[in-house]
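Read through the structure below, which is laid out as structure tokens, and then see the notes.
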Amino acid sequence: KVRLIATEEAWSIPEVAAELKKVSNGPSQSLDKLLVKGIYDQEGGGAQYAGVNFLDGLLDAEQARLRQMDELGIDMHLMALTAPGVQMFDADTAMELAIVANDRLAALCRKYPTRFAGLASFAPHSPKRAAKEMERAINELGLNGFMINSHTYDEYLDDPKFWPILEAAEAMGRCIYIHPRAASYGFKGPLQDYGMDSAMWGYGMEVGTHAVRMMAGGVFDEFPNLKICIGHMGEAVPFWLWRLNFMNSRAQLAGRSKKTKRSMAEYFHDNFVITTSGVEDPLALRYSIDKLGVENVLWAIDYPYQPMEPAVKFIEDFACTDAERHALCHGNAERVFHIS
Ligand SMILES: COc1cc(C(=O)O)cc(C(=O)O)c1
Ligand SMILES: [Mn+2]
């Protein structure tokens with residue numbers, strides 16, 4: 001049996017859920033309000049937002065989740081505080097709750113060292129305190145990397161104010177997972193209809209934009225060894241890579257885009273890995289493997305937003321070599337997220 005490590009598995013704690021319920025009734029103009037209200041402030045924990053009760057699944061690790069993992073032969077969930085994490089809270093509350101969540105997640109991983117690994121949260125809007133918590137999470141808590149849910153109050157990691165966070169991750173050789181949340185305020189207009197605020201469309205645009213801003217902004221010239229992970233088959237960036245590369249190179253020649261040492265394609269190959277979360281499409285997976293190299297593609301479920309069984313069937317049915325299967329199902333996750 002091939003070891004199965006799922007790498008974008010969502011989790012929450014009552015303290016964060018309670019704070020998000022307050023946000024859902026607060027003044028925030030964020031597009032995330034639709035999701036946060038639907039999951040944290042209604043009966044049914046999201047049932048009327050997406051027809052599924054997400055909240056029960058998020059708050060559970062040791063009961064239904066672990067039971068299903070056993071039934072389906074899933075060895076491990078790499079867990080992280082679900083989007084939007086602590087990023088809708090003020091910096092102090094965000095820092096306090098990130099510490100609580102990291103401690104709680106580390107305790108779970110210590111209790112089940114072969115079943116759960118974890119990505120640490122932090123308050124991006126307090127970059128220096130964030131870097132300290134990142135160091136504590138790796139050096140004292142033994143967590144496996146970091147989670148950020150894309151923008152924080154509409155600002156992105158290409159902004160040098162956040163670079164203490166990137167510096168810490170690069171120095172420790174640990175990966176930052178950039179997970180979606182609803183798109184930042186500037187995108188809000190057209191995404192307010194038809195459910196497009198959500199994972200249906202806006203999530204991909206939000207993270208794709210984040211990744212392109214970082215590459216075009218020269219982040220990987222500053223931090224050449226920084227590793228970023230994005231889910232959902234790379235948020236369509238792998239599909240756009242030829243066009244991104246062509247148009248960015250032309251924009252740099254025309255003086256419209258910042259001059260960078262390397263190209264978009266090189267940055268995406270060298271500084272990014274992707275996961276298959278929520279894109280159970282064998283054609284998209286084969287394209288991504290051929291485009292990026294199998295060492296840059298990791299299997300994920302995206303539980304509880306995606307059910308576990310179809311995601312297991314997807315990867316078990318996927319036509320690939322044994323070497324590719326081991327890389328996709330556990331080898332790449334072991335390398336990128338320091339899982340033994
Ligand atoms: C934070 O809430 C989420 C909701 C959904 C959804 O299917 O509605 C998907 C994701 C996700 O793709 O991670 C996250
Ligand atoms: Mn997810």
Side-chain angles (χ1 to χ4, degrees), residues 5-13 16-17 19-21 23-24 28 30-42 44-60 65 77-89 101 105 117-119 121 145-152 175-184 191-192 194-208 210-211 228-237 273-281 284 298-308 310-311 314 333 337:
I5 302 177
T7 55
E8 187 187 307
E9 310 318 311
W11 168 79
S12 195
I13 57 176
V16 171
E19 203 62 29
L20 282 172
K21 180 170 183 170
V23 165
S24 71
S28 166
S30 162
L31 206 49
D32 281 295
K33 283 274 285 264
L34 295 168
L35 169 110
V36 164
K37 190 122 189 91
I39 297 180
Y40 300 97
D41 189 31
Q42 309 289 333
Q48 92 300 334
Y49 174 81
V52 182
N53 177 337
F54 292 147
L55 188 54
D56 290 353
L58 289 166
L59 294 172
D60 165 50
R65 187 191 298 248
H77 273 202
L78 176 61
M79 308 263 270
L81 189 62
T82 195
V86 299
Q87 294 160 237
M88 292 183 81
F89 311 144
L105 183 50
L119 298 180
S121 298
F146 310 110
M147 170 56 79
I148 185 171
N149 300 287
S150 203
H151 77 85
T152 302
C175 180
I176 299 177
Y177 205 124
I178 302 184
H179 186 278
R181 59 178 288 193
S184 59
L191 296 179
Q192 293 177 98
Y194 318 124
M196 288 171 64
D197 61 292
S198 72
M200 179 211 299
W201 187 252
Y203 278 25
M205 267 178 51
E206 167 61 28
V207 178
H210 204 147
I228 302 290
C229 180
I230 57 177
H232 314 113
M233 212 63 85
E235 313 287 4
V237 174
V273 295
I274 71 169
T275 79
T276 66
S277 57
V279 181
E280 294 165 15
D281 176 347
L298 291 70
W299 177 68
I301 300 167
D302 210 350
Y303 181 82
Y305 305 110
Q306 302 288 146
M308 289 195 216
F314 161 63
F337 294 111

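In listed order, ligands and their atoms are each counted from 1. For the numbers below, each heavy atom of this structure counts, side chains included, while hydrogens, waters and symmetry mates do not. What you see is a predicted model, and the numbers here were worked out from it, not measured in a lab.
Here CH2 of W299 is found 11.5 Å from CG of L78. Values are rounded to the nearest 0.5 Å. We find the OG1-CE distance between T152 and M88 to be 11.0 Å, quoted to the nearest 0.5 Å. One finds the CG atom of D32 at 10.0 Å from the OG atom of S184 (value rounded to the nearest 0.5 Å).
Checked by atom type, the side-chain pair E206/H151 shows no donor-acceptor distance below 3.5 Å. Between the side chains of Y40 and S12, no donor-acceptor pair is found at a separation under 3.5 Å.
Sorted by chain and number, the heavy-atom contacts of ligand 1 below 4.0 Å come from E8, L35, Y49, F54, T82, A83, H179, A199, Y203, H232, D302, Y305.
Counting only protein N, O or S atoms closer than 2.8 Å to the Mn ion (ligand 2) gives 3.
The side-chain contact (heavy atoms from CB on, under 4.5 Å) search around V279 returns H232, M233, D281, A284, not counting sequence neighbours. With sequence neighbours left out, the side chain to side chain donor-acceptor pair (under 3.5 Å) criterion links K37 to N25, D41.
Checked options L119, I178, I228; the residue passing with I148 is I178 (criterion: side chain to side chain contact (heavy atoms under 4.5 Å, CB included)).
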Audit row: Q42, Y49, side-chain contact (heavy atoms from CB on, under 4.5 Å) steps and yes/no: CA-CA 9 Å; Q42 309 289 333; Y49 174 81; over 6 Å; no
